[in-house]
Amino acid sequence: MTVIYKSEAGERELRDRYRQVLETWPVPAEHVRVPTREGETFVLASGPQDAPPLVLLHGSGANTSMWRGDVATWSRRFRTYAVDLVGEPGLSAPSRPALDSDVVALWLDDVLEGLGIADAAFVGTSLGGWTALDYAIRRPGRVTRLALMCPGGVGRQKVGWIFKALLARPFRRGGLRESAMAVAGLDPERDRQALDAVVLTFTHFNPRRERLPVFPDDALRGLTMPVLVIVGGRDAMFDSHRTARRVRECVPHSTVNLLPEVGHAVFGQAEPIAEFLTGRGAAPRREPGGSGLRRP
């Protein structure tokens, strides 16, 4: 087990805030607790039970609440399973499986088995994007489509793992908020609610510090499913331009959307991702001798 909170009082405050969000979830949802080798994993399931499964994996320092603005769109056509990653400030176990091995994939094996899912489409962002990509590389037969927003493990990591800058900056008045704005690319007015949540979280939460392993070219070339990657041109955490180049060069059935004025936090992509997941925005097949890819 890992101590992931700075105090018991801080843990209680974050969990209480999270439960308040879950009580106002925009669509009917089922709370599922899945036993895994890493401890109990919390999953929020929405949408028709007979619809195709869609697994959602959030970023570091976050939880299922980050999908609140997207789930109504996706749950119309999919049975969505928003998973609280273990070791993050959600309702899953505090354990943190090593990222440089197959244990994260083994944990996801347990989650899918517990949910009765043989294969599924995946959406992941940041650390969740790395997790989904790692799983697609290790378990290609279990991932039907893969949508990634600002994923780790492809482009160079510019700073230590999520919001290390928050920890390094002196805690003067407003310092934490300014760091969150800089690292995540959040606007103080437009993204006020998200910014408040980030500041509260990192007041009480100890994030992972290690750098994410980078996937080699051969691993990316082995992906067989359609892949959509959305990155922000002003991402302060990962080299999004290199991420875009490597995906275009290495991933056979990929679409890359680079949003020039966006930072690490990517919002408002529910509809484009839904089109991709339903096949209307399917990634084209690469033709011999050419990229065969849609450019932004």
Side-chain angles (χ1 to χ4, degrees), residues 1-22 41-42 44 56-70 82-97 99 104 124-131 149-153 157-212 232 234-238 240 262-267:
M1 291 295 183
T2 302
V3 178
I4 66 173
Y5 296 99
K6 298 174 184 178
S7 69
E8 291 184 1
E11 177 182 0
R12 285 194 301 271
E13 182 175 1
L14 289 181
R15 286 178 176 259
D16 287 345
R17 291 291 183 92
Y18 183 28
R19 290 189 178 98
Q20 291 172 14
V21 172
L22 295 178
T41 297
F42 176 76
L44 195 65
L56 311 178
L57 301 175
H58 61 76
S60 180
N63 51 45
T64 285
S65 65
M66 74 163 296
W67 306 115
R68 194 176 189 280
D70 306 307
V83 179
D84 274 355
L85 301 183
V86 291
E88 298 300 327
L91 299 179
S92 292
S95 59
R96 285 179 170 165
L99 301 176
V104 175
T125 185
S126 195
L127 172 63
W130 181 93
T131 302
M149 291 181 287
C150 293
Q157 190 168 333
K158 296 180 181 179
V159 295
W161 186 228
I162 186 80
F163 291 171
K164 185 176 179 181
L166 299 182
L167 307 178
R169 180 171 292 200
F171 281 90
R172 60 180 176 79
R173 183 177 177 85
L176 186 60
R177 195 173 190 85
E178 291 175 5
S179 293
M181 290 164 54
V183 175
L186 296 172
D187 181 270
E189 297 301 325
R190 182 191 65 228
D191 306 318
R192 181 183 297 274
Q193 186 174 1
L195 188 56
D196 289 345
V198 169
V199 172
L200 177 65
T201 296
F202 286 94
T203 299
H204 301 301
F205 175 70
N206 292 313
R208 298 187 78 134
R209 306 291 186 92
E210 71 269 39
R211 288 181 175 270
L212 292 177
R234 296 186 176 182
D235 191 334
M237 293 196 62
F238 300 112
S240 57
V262 174
H264 184 69
V266 178
F267 300 114

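Just so it is clear, the values below take in all heavy atoms, side chains as well, and ignore hydrogens, waters and symmetry mates. As the structure is a prediction and not an experimental result, all values here were calculated from the model.
- When side chains are defined from C-beta on, Ser65 counts as touching Tyr18, because their heavy atoms get closer than 4.5 Å.
- Considering only heavy atoms from C-beta on, Leu56 stays 4.5 Å or farther from Met66 through its side chain.
- Between Phe238 and His264, the ring-plane angle classifies as tilted under the 30° and 60° cut-offs.
- When each of Asn206, Leu200, Thr201 is paired with His204, the side-chain contact (heavy atoms from CB on, under 4.5 Å) condition holds for Leu200 and for no other.
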message: side-chain contact (heavy atoms from CB on, under 4.5 Å) for Thr203 and Glu13? Distances and angles first, verdict last.
response: CA-CA 11 Å; Thr203 299; Glu13 182 175 1; over 6 Å; no

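- Taking all atoms of both residues into account, the shortest heavy-atom contact from Val86 to Pro97 is CG2-CD, 3.7 Å.
- Side chain of Arg208 to main chain of Ser60: no donor-acceptor pair is present (N/O by atom type, distance under 3.5 Å, no hydrogens or angles).
- For the pair Phe205 and Gly87, the tightest heavy-atom approach, listed with the atom from each and the gap, is CZ-O, 3.8 Å.
- Remark: side-chain polar atoms of Thr125 are not paired, donor with acceptor, to backbone N or O of Gly59 under 3.5 angstrom.
- Within 6.0 Å of CZ on Arg15 lie more than 12 heavy atoms contributed by other residues, nucleotides or ligands.
- Each of Asn63, Thr41, Thr64 was evaluated against Asp84; a single residue qualifies, Thr64, per the side-chain hydrogen bond (donor to acceptor under 3.5 Å, both in side chains) test.
- Put simply, SG on Cys150 and CE on Met237 are 9.5 Å apart, with the number rounded to the nearest 0.5 Å.
- Nearest heavy-atom pair, Pro89 versus Gly61, reported as atom, atom and distance to 0.1 Å: CG-C, 3.6 Å.
- In this structure, the separation between CZ on Arg96 and CD1 on Ile4 is 5.5 Å, given to the nearest 0.5 Å.
- Remark: Ser240 OG to Lys158 NZ distance equals 6.0 Å, nearest 0.5 Å.
- Gln157 places a side-chain N or O within donor-acceptor distance of the main-chain N or O of Leu212, the cut-off being under 3.5 Å.
- Annotation: the span from Leu44 atom CG to Trp67 atom CH2 amounts to 13.0 Å, rounded to 0.5 Å.
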